[in-house]
Participant: 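Below is a structure I'd like to ask you about.
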Amino acid sequence: MKKLILFTLILVAATGYITVKYFKNLKSSGMHAGNIMRTIPDNAVAIFEFSNDKGFYDIFTGNTLLGSLVGEQKLGELDTVRKILFANPLLQRLFDGSNIFISLHASNQPETELLLTAAATKDTDAGAFDALAKLKKTGMLITPLTIDEKKGYTIFFAQLKKRFYIINTDENIYSASFSKGLLTRAALYKNDKETEAFTPLPDQQNSNSLANLYINYSQLSPLFDQLFKTKNHDLFKSFRLLPASAALNLNYKTDALMFNGYTNIQTDKPASYLNLFTSQLPVLNSLKEIFPSTVAYSMDMAVSNPVKFLSDLSVFHDKAGLKTEKDTLFARIKAETGIDLRTELNKALSNEFAVVTTRYRERFALIAVKDGSKLRPAMINISTMVNDDTGEFNYNKLPYFLLGDAFNSFKRPYFRIIDNYLVLANSIKELDSYSDSYLNRKFLNKTAQYSRFDNLVGERSNVTFFINFKNAQPILKNDLKDNFFNAYRGNKLSLENFYGASYQLTATDNNFYTNFCMLQNAIDTTGSVKATKNLQ
């Protein structure tokens, strides 16, 4: 977890104290980013790219956001490596102005692992490491290291009491890590040029970027498996199954971490549920206006053409080998009730539907319909009514076959129609809870913090994941593996320092324009972050 925290540190570092002068002085890496990224093992979850420029490191100075996020200890470790090793006069020119790539890797170890990769500048003396090893009182003990006939060094930092490993993995490209195992994988890694785990940004776009973030969606599940106690955790699950990679630029803001760019679908791999949204047009998101104030995380989906979406979903299920089960279910409903449920949904479905999980683990499906009163007879006919307003579906897996993977947790849910919304939940108590929020207008968008956050999020999208850190904390405490949650707490990384985050996909050219946003809590008049109650 400490390494994951350090990775987050690098990401968030780019959000503070950037001047116009710094933007003007950004340097080119001297080598195409794609050539460097091909040397990084393809089990990397994400890669963060930034320029090894003094101006970039100046961002760390006085950054209260970093201090509240990871604590001074982790910030000090990174700074120690830079100042003692790479800022040494003998090595300073080796990577000066080069772009640094920091990749995050899941592992079977108690911690996630980081790999640093960079191309040395031309006409530099790689023997500088040998010269540095001969010097005394440097704060380092440097010894030779060879992996697969590739030359490198083990560097013991007296101040950190930790070993750092660096090796020349390719011509003029160096890899480094605190994990010898990860560095060994990098040294032995052979790239299959036919399959690219990451798609680099175009050179022109890259040259104008302060920092970039690359994401390999296929490796998110191994990371989540490492962090969480159960492999079936629903958090961000649909995104983890998306066969795609993302390339995002940093978009500077003083109180928020923001990236935007593109998610590129990998067409040579089996499609996932989220692929269905690429053929839709962006839709104005309004369902979030009725999210309860207790929401921990949510997934909001929007389609411009509901009929096409439902048709595409049916084909998707057929390709997944579910045609017989699906057709048998709807044929049974037709025979027993006279209701052609798919036709009824085609007529009733509006443009948005969402799944919301609250801090109490309540889970609701919120489905916008054109006319709730017209849909009500069909819902009554397929359900056993508990009272005039509430019924339980008589058939299993209906929400899954009607609206897809995101609704898989609703096996035989209870339903209630409120105005023009079909609300599903797995218990009457949950339905009552949502009804109370709706009727008494206890909505998330009534809070000042959410208004700040929502101003940073695109108005139109097709899929949006949202997490409220304060509300999600009890769930994370229960679901994260103990060592990760304890390390998270022990390193002063506190979710209460941040309001929330969103990951937003907007369909364009059969791919997704992508926005990531993470907002810091509001600052009070004394200049300190407002404290929120510590959840036990």
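Keep in mind that what you see is a predicted model, and the values were worked out from it rather than measured. Throughout, residue positions are numbered sequentially from 1 according to the sequence presented.
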Participant: Among side-chain atoms of Arg452 and Asn455, is any donor-acceptor pair under 3.5 angstrom?
Facilitator: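 Judged by distance alone, the side chains do not pair up.
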
Participant: Check salt bridge (charged side-chain N to carboxylate O under 4.0 Å, His left out) between Lys288 and all other residues, then give those that pass, not counting sequence neighbours.
Facilitator: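 Partners of Lys288 under the salt bridge (charged side-chain N to carboxylate O under 4.0 Å, His left out) test: Asp454.
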
Participant: Indicate yes or no for a side-chain donor-acceptor contact from Asn249 to the backbone of Asn212 under 3.5 Å, with no hydrogens or angles considered.
Facilitator: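 Not confirmed, Asn249 side chain does not pair with Asn212 backbone.
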
Participant: Okay, side chain of Ser177, backbone of Leu114: is any donor-acceptor separation there less than 3.5 Å?
Facilitator: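 Yes; judged by distance alone, with no hydrogens or angles, the pair exists.
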
Participant: Angle class for the Tyr273/Phe277 ring planes (parallel below 30°, perpendicular above 60°, tilted otherwise)?
Facilitator: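 Taking Phe277 first and then Tyr273, their aromatic rings stand perpendicular (interplane angle over 60°).
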
Participant: So, Asn511 side chain and Ile265 main chain: donor-acceptor pair closer than 3.5 Å or not?
Facilitator: yes

Participant: Between Tyr217 and Tyr503, what is the ring plane arrangement, given parallel below 30°, perpendicular above 60°, and tilted in between?
Facilitator: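 Plane angle over 60°, so perpendicular.
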
Participant: Once the angle between the rings of Phe198 and Tyr214 is folded into 0 to 90°, is it parallel (under 30°), tilted (30 to 60°) or perpendicular (over 60°)?
Facilitator: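 Taking Tyr214 first and then Phe198, their aromatic rings stand perpendicular (interplane angle over 60°).
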
Participant: I'd like to know if the side chain of Arg163 reaches the main chain of Ser179, judged simply by a donor and an acceptor atom lying under 3.5 Å from each other, with no hydrogens or angles considered.
Facilitator: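 Side chain of Arg163 to backbone of Ser179: no pair is present.
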
Participant: Can you tell me if Gln504 uses its side chain to pair, donor with acceptor, with the backbone of Gly458 under 3.5 Å?
Facilitator: yes

Participant: Go through the side-chain N and O atoms of Thr263 and Thr514 and say whether any donor and acceptor fall under 3.5 Å apart.
Facilitator: yes

Participant: For Ser103 and Leu115, indicate whether the former's side chain and the latter's backbone hold a donor-acceptor pair under 3.5 Å.
Facilitator: yes

